[in-house]
Amino acid sequence: MANHSTEISKRGHITHVIFDMDGLLIDTEGFYTQVQEIILARYNKTFDWSLKAKMMGKKAIESARVFVQESGIIDELSPEQFLEEREDMLQSLFPTCKLMPGVSRLINHLHSHGIPICVATGSHKRHFELKTQNHGDIFSMMHHIVLGDDPEVKQGKPSPDGFLAATKRFKNCPKDFQNILVFEDAPSGVAAAKNAGMSIVMVPDPRLDRSYLAAADQVLSSLLDFNPSEWGLPPFEDAADQVHSNY
Ligand SMILES: O=P(O)(O)OC[C@H](O)CO
Ligand SMILES: [Mg+2]
């Protein structure tokens, strides 16, 4: 079995951290699922996790194209109509979102140790504001936030555009991108981090097909299971806090 120092050298010494948002920091992925199930039911179709896996993490319009094409309703509903149809439902759900387990503890820990942290999300500005309106304390600790409609993000995940834009905006950004750790929940996001040459911890929904997990450097069932010292980051001071804190 590898000892602790071997694990660190294998995983590298992380100096900067980039967080995905939906499904990783906040529990908004369930809202998208709920709304997409309702829309497909009108066409007597069911929304399943194989389609979900292909949509999550992408920019809205890119994800909408996948939805109408793969579900076979493209002749009845265009990607633009789909986005319009789901909008009211999403707008009422987003402000009710909660933080995922372990988010508060990890973000506070990294921030208090001066580790540069940021967000790179596929979400556009209007949705970002609805989703984060009750979580200003967490998002204010981010050095910067790169949104899906940022002019530098020409293409959504799995393109590396968002992660590369996020990297450039750090002061003293590392030369070796392996020293940047990305946290993601979506297959497209894991691919984007790999395409950017970064290290990647995946925290997938348990319903996601396991074939999607192989690309990540580490797979965790929750951020509560993340051990910073395995990645050369400052260890949690209070081990008891790791066990007992849910948020
Ligand atoms: O997972 P994120 O934060 O990149 O968001 C992407 C979409 O808005 C939701 O899948
Ligand atoms: Mg996500």
Side-chain angles (χ1 to χ4, degrees), residues 17-37 39 47 49-67 70 79 82-83 86-87 89-91 93-95 97-103 106-107 117-132 135 138-139 142 144-150 152-166 181-196 198 200-208 212-213 215-216 219-223:
V17 178
I18 304 178
F19 290 96
D20 171 58
M21 185 176 76
D22 293 88
L24 188 281
L25 294 179
I26 51 176
D27 65 357
T28 40
E29 279 299 341
F31 300 152
Y32 288 104
T33 302
Q34 214 177 306
V35 164
Q36 280 142 203
E37 281 171 348
I39 293 176
F47 183 68
W49 266 85
S50 66
L51 178 51
K52 174 83 180 165
K54 294 177 190 168
M55 294 177 69
M56 60 200 303
K58 295 184 174 166
K59 284 192 188 199
I61 189 64
E62 293 169 1
S63 171
R65 284 187 197 115
V66 173
F67 181 79
E70 299 263 335
F82 161 69
L83 291 180
R86 73 175 193 176
E87 188 60 19
M89 289 186 272
L90 289 179
Q91 280 193 19
L93 289 166
F94 285 153
C97 74
K98 304 274 185 296
L99 295 180
M100 297 293 282
V103 167
L106 180 58
I107 303 291
I117 54 176
C118 75
V119 168
T121 175
S123 267
H124 54 69
K125 189 168 176 26
R126 203 163 33 78
H127 282 177
F128 172 82
E129 279 167 3
L130 289 169
K131 290 167 180 176
T132 58
H135 304 294
I138 290 300
F139 287 88
M142 299 297 169
H144 55 275
I145 290 164
V146 175
L147 300 172
D149 54 352
D150 187 289
E152 267 192 70
V153 183
K154 306 284 182 229
Q155 286 184 298
K157 302 165 184 176
S159 148
D161 288 6
F163 292 136
L164 295 176
L181 184 60
V182 174
F183 284 91
E184 258 290 351
D185 67 309
S188 66
V190 171
K194 279 285 146 199
N195 288 335
M198 296 172 184
I200 170 78
V201 170
M202 185 181 200
V203 189
D205 186 291
R207 291 164 289 186
L208 188 68
Y212 286 112
L213 313 190
V219 179
L220 301 175
S221 41
S222 162
L223 283 180

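One-based numbering, in listed order, for ligands and for the atoms of each. For reference, positions follow the sequence shown, starting with 1. As the structure is a computational prediction, the values presented were derived from the model and not from experiment.
A donor-acceptor contact shorter than 3.5 Å links the side chain of Glu62 to the backbone of Gly156. Counting only distance, with no hydrogens or angles, the side chain of Lys52 and the backbone of Glu29 share a donor-acceptor pair below 3.5 Å.
Between Phe94 and Tyr32, the gap from one ring centroid to the other is short of 6.0 Å.
The Mg ion (ligand 2) lies closest to atom OD1 when only the N/O/S atoms of Asp185 are considered. When the Mg ion (ligand 2) is compared with the N/O/S atoms of Asp22, atom O turns out nearest. Looking only at N/O/S atoms, Asp20 comes nearest to the Mg ion (ligand 2) through OD2.
Atoms of ligand 1 found under 4.0 Å from any heavy atom of Glu29 (numbered from 1 in listed order, with element): 9 (C), 10 (O). Taking a cut-off of under 4.0 Å to the non-hydrogen atoms of Met56, the atoms of ligand 1 that pass are 10 (O). With ligand atoms numbered from 1 in the order given, ligand 1 contributes 2 (P), 3 (O), 4 (O), 5 (O) to contacts under 4.0 Å with heavy atoms of Thr121. Distances below 4.0 Å separate heavy atoms of Ser123 from the following atoms of ligand 1: 5 (O), 8 (O). For ligand 1, the atoms sitting less than 4.0 Å from at least one non-hydrogen atom of Met21 are 3 (O), numbered in the order shown with element in parentheses. Below 4.0 Å from some heavy atom of Gly122 lie the following atoms of ligand 1, by number and element: 2 (P), 3 (O), 4 (O), 5 (O), 6 (C).
To the nearest 0.5 angstrom, Met142 atom CE is 11.0 Å from Thr132 atom OG1. Atoms CG and CG, from Leu223 and Leu24 in turn, are 5.5 Å apart once rounded to the nearest 0.5 Å. Residue Leu99 holds its CG atom at 9.0 Å from CD1 of Ile107, rounded to the nearest 0.5 Å. Between Lys157 atom NZ and Asp20 atom CG the span is 4.0 Å, to the nearest 0.5 Å.
In this structure, Lys157 counts as a contact residue of ligand 1, since one of its heavy atoms falls inside 4.0 Å of the ligand. The closest approach between Gly57 and ligand 1 falls below 4.0 Å for a heavy atom of the residue.
Using a cut-off of 2.8 Å, one finds that Glu29 contributes no N/O/S atom close to the Mg ion (ligand 2). Among the atoms of Glu184, no N, O or S atom falls under 2.8 Å of the Mg ion (ligand 2).
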Item to check | Verdict with supporting geometry, Ser159 and Lys154, side chain to side chain donor-acceptor pair (under 3.5 Å) | outcome: CA-CA 9 Å; Ser159 148; Lys154 306 284 182 229; over 6 Å; no
Next on the checklist: Under the criterion side chain to side chain contact (heavy atoms under 4.5 Å, CB included), I'd like the reasoning laid out for Asp22 against Lys131: C-alpha separation, chi angles, the key distance, then a yes or no.
Outcome noted: CA-CA 9 Å; Asp22 293 88; Lys131 290 167 180 176; 2.7 Å; yes
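A tilted orientation is assigned to the rings of Phe67 and Phe47, their planes being inclined by 30° to 60°.
Considering both main-chain and side-chain atoms, Lys58 never comes within under 3.5 Å of ligand 1 through any nitrogen or oxygen pair. When only interatomic distances are considered, the shortest N/O to N/O separation between Asp22 and ligand 1 falls below 3.5 Å.
Under the 4.0 Å criterion applied to side-chain N and carboxylate O atoms, Glu87 and Arg126 are assigned as salt-bridge partners.
No part of Lys59 comes within 4.0 Å of ligand 1, judged by heavy-atom distances.
The protein non-hydrogen atom at the shortest distance from atom 1 (O) of ligand 1 is Asp20 OD1, 2.9 Å.
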